[in-house]
Amino acid sequence: MNQSIKRIGIMTGGGDCPGLNAVIRAVTRKAIMENHWEVVGIRDGYNGLYHGNFVDLDLFNTSGILQQGGTILYSSNKDNLFQYQVEENGNKVIRDVSDVGIMNLKQAGIDVLFVVGGDGTLTSARDFSRKGVKVIGIPKTIDNDLASTDATFGFSTAVDVATEALDRLHTTASSHHRIMVLEVMGRYAGWIALHAGIAGGADAILIPEIPYDIDYVAAKIFRRKELGKDFSVIVVAEGAKPKNGEMVVQAVVEDSPDPIRLGGIGAKVAHDLQTLCGNESRATILGHLQRGGSPSSTDRILSSRYGIAAVELAEQGKFGNMVTLRGTQMSYDSLENVIGHKTKNVEPTSELVRAAKSLGIVFGDEKVDVYRVLNQNK
Ligand code: F6P
């Protein structure tokens, strides 16, 4: 046990994802039961740190939350205290107010700050660490795109939700001889689309890492028609783009660390395929359904492990680090390193992409004559 720690704080920042409550519960249980530390929850991410919006956490108010989606501490994907919008003389100006956050931590007697977040939230965590705050980072995002860790919690649940959506789209696609396009989240990474596409038996998977040619996707649909399957199901990552084309931006949220909100590529793909193939086509945007609701069992376990490993790091005095999953083992990496890295993306020549292609799934990067391949095997 680390004798210098008496009281810890925990906050959740950025977009929510299934498993956040499981982390809060794990951190609180181990901190209280094994270390006799006090635990303080910081509400609304960095906004709560700035305003001193704190709540004591105990075994009672963190009980029964393992299976709950969202976060009992609320979250914000704005409020970077190093570039915070404040009003001065009636004008909105950007100021570094991080010292206010540090003062609030001191006043609350918080010795270590546990920050559960993605890229943006952990960038601020690193910056607080640089200013001497004892910080432990815990990675979260449904996008699974954080460097240094093999998997983030929330991803498995998002993939499950997307897979179920594909299953449901299959039956209605088949009934109406339609092309059904499912747009999934993932920001600039295609992990959700790739995994759900394989699990849900999609005919095409379009991801940001592999720009597509719509003619190649249409060719696959024609081949299916020739084989007597006059319907198709396509999964499109929100960040997918055509060769020589751009991602579709749905909105710009000015005061967010990453202001770009993607969305709309699914409708474009559906429209283009209807024009090329003749089948009526529909697009479904799965959106925040992927982030809400109860975490999968995989995510409950992963979140719990992350929480426990984070407290262990604090016990060992290893501040300024983020817990990671490496293979089957919990490990850690310095926040400096994690934030310096590029995001983790799908490798177009990886085993998983090759496996999907071998299953007959097209990515729109090459013309695959599925019909000929099938007939050769007769
Ligand atoms: O990073 C998680 C994520 O859900 C992305 O997949 C998506 O692009 C984005 O957040 C949506 O953000 P918001 O909740 O602000 O619409």
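Counting starts at 1 for both ligands and their atoms, following the listed order.
When only non-hydrogen protein atoms are considered, atom 4 (O) of ligand 1 lies nearest to R291 NH1, 2.8 Å. Ranking protein heavy atoms by distance to atom 16 (O) of ligand 1, first place goes to H288 NE2, 3.2 Å. Protein heavy atom at the shortest distance from atom 15 (O) of ligand 1 is R261 NE, 2.7 Å.
Atom OH of Y74 has 12 or fewer heavy atoms from other residues, nucleotides or ligands within 6.0 Å. Within a 6.0 Å radius of NZ in K243, more than 12 heavy atoms belonging to other residues, nucleotides or ligands are found.
Each of the atoms 15 (O) of ligand 1 lies under 4.0 Å from some heavy atom of N77. Of all atoms in ligand 1, listed by their number and element, those nearer than 4.0 Å to a heavy atom of E238 are 5 (C), 6 (O), 7 (C), 8 (O). Under a 4.0 Å criterion applied to the non-hydrogen atoms of R187, ligand 1 contributes the atoms 1 (O), 6 (O), 9 (C), 10 (O). When each atom of ligand 1 is checked for a heavy atom of G186 under 4.0 Å away, the hits are 6 (O).
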Quiz item: Hey, mind stepping through R224 and D203 against salt bridge (charged side-chain N to carboxylate O under 4.0 Å, His left out) and telling me if it holds?
Solution: CA-CA 9 Å; R224 280 178 55 76; D203 301 301; 3.0 Å; yes

Exercise. For the pair D111 and K134, evaluate salt bridge (charged side-chain N to carboxylate O under 4.0 Å, His left out) and give the outcome as yes or no after the intermediate values.
Key: CA-CA 7 Å; D111 303 309; K134 291 176 177 163; over 6 Å; no

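Between the CD1 atom of I210 and the OH atom of Y212 there is a distance of 13.5 Å, given to the nearest 0.5 Å.
Where the criterion is an N or O separation shorter than 3.5 Å, residue side chain and backbone included, M185 fails it with respect to ligand 1.
Side-chain atoms of E315 and N35 include a donor-acceptor pair closer than 3.5 Å.
At least one heavy atom of D143 sits closer than 4.0 Å to an atom of ligand 1. For the ligand labelled ligand 1, residue G118 lies outside the 4.0 Å heavy-atom shell. Using a 4.0 Å cutoff on heavy atoms, Q290 does not count as a contact of ligand 1.
Transitive grouping of hydrophobic side chains (ILVMFWY, heavy atoms separated by less than 4.5 Å) brings L113 and L122 into a common cluster.
With sequence neighbours excluded, the residues forming a side chain to side chain contact (heavy atoms under 4.5 Å, CB included) with S174 are F231, listed by chain and number.
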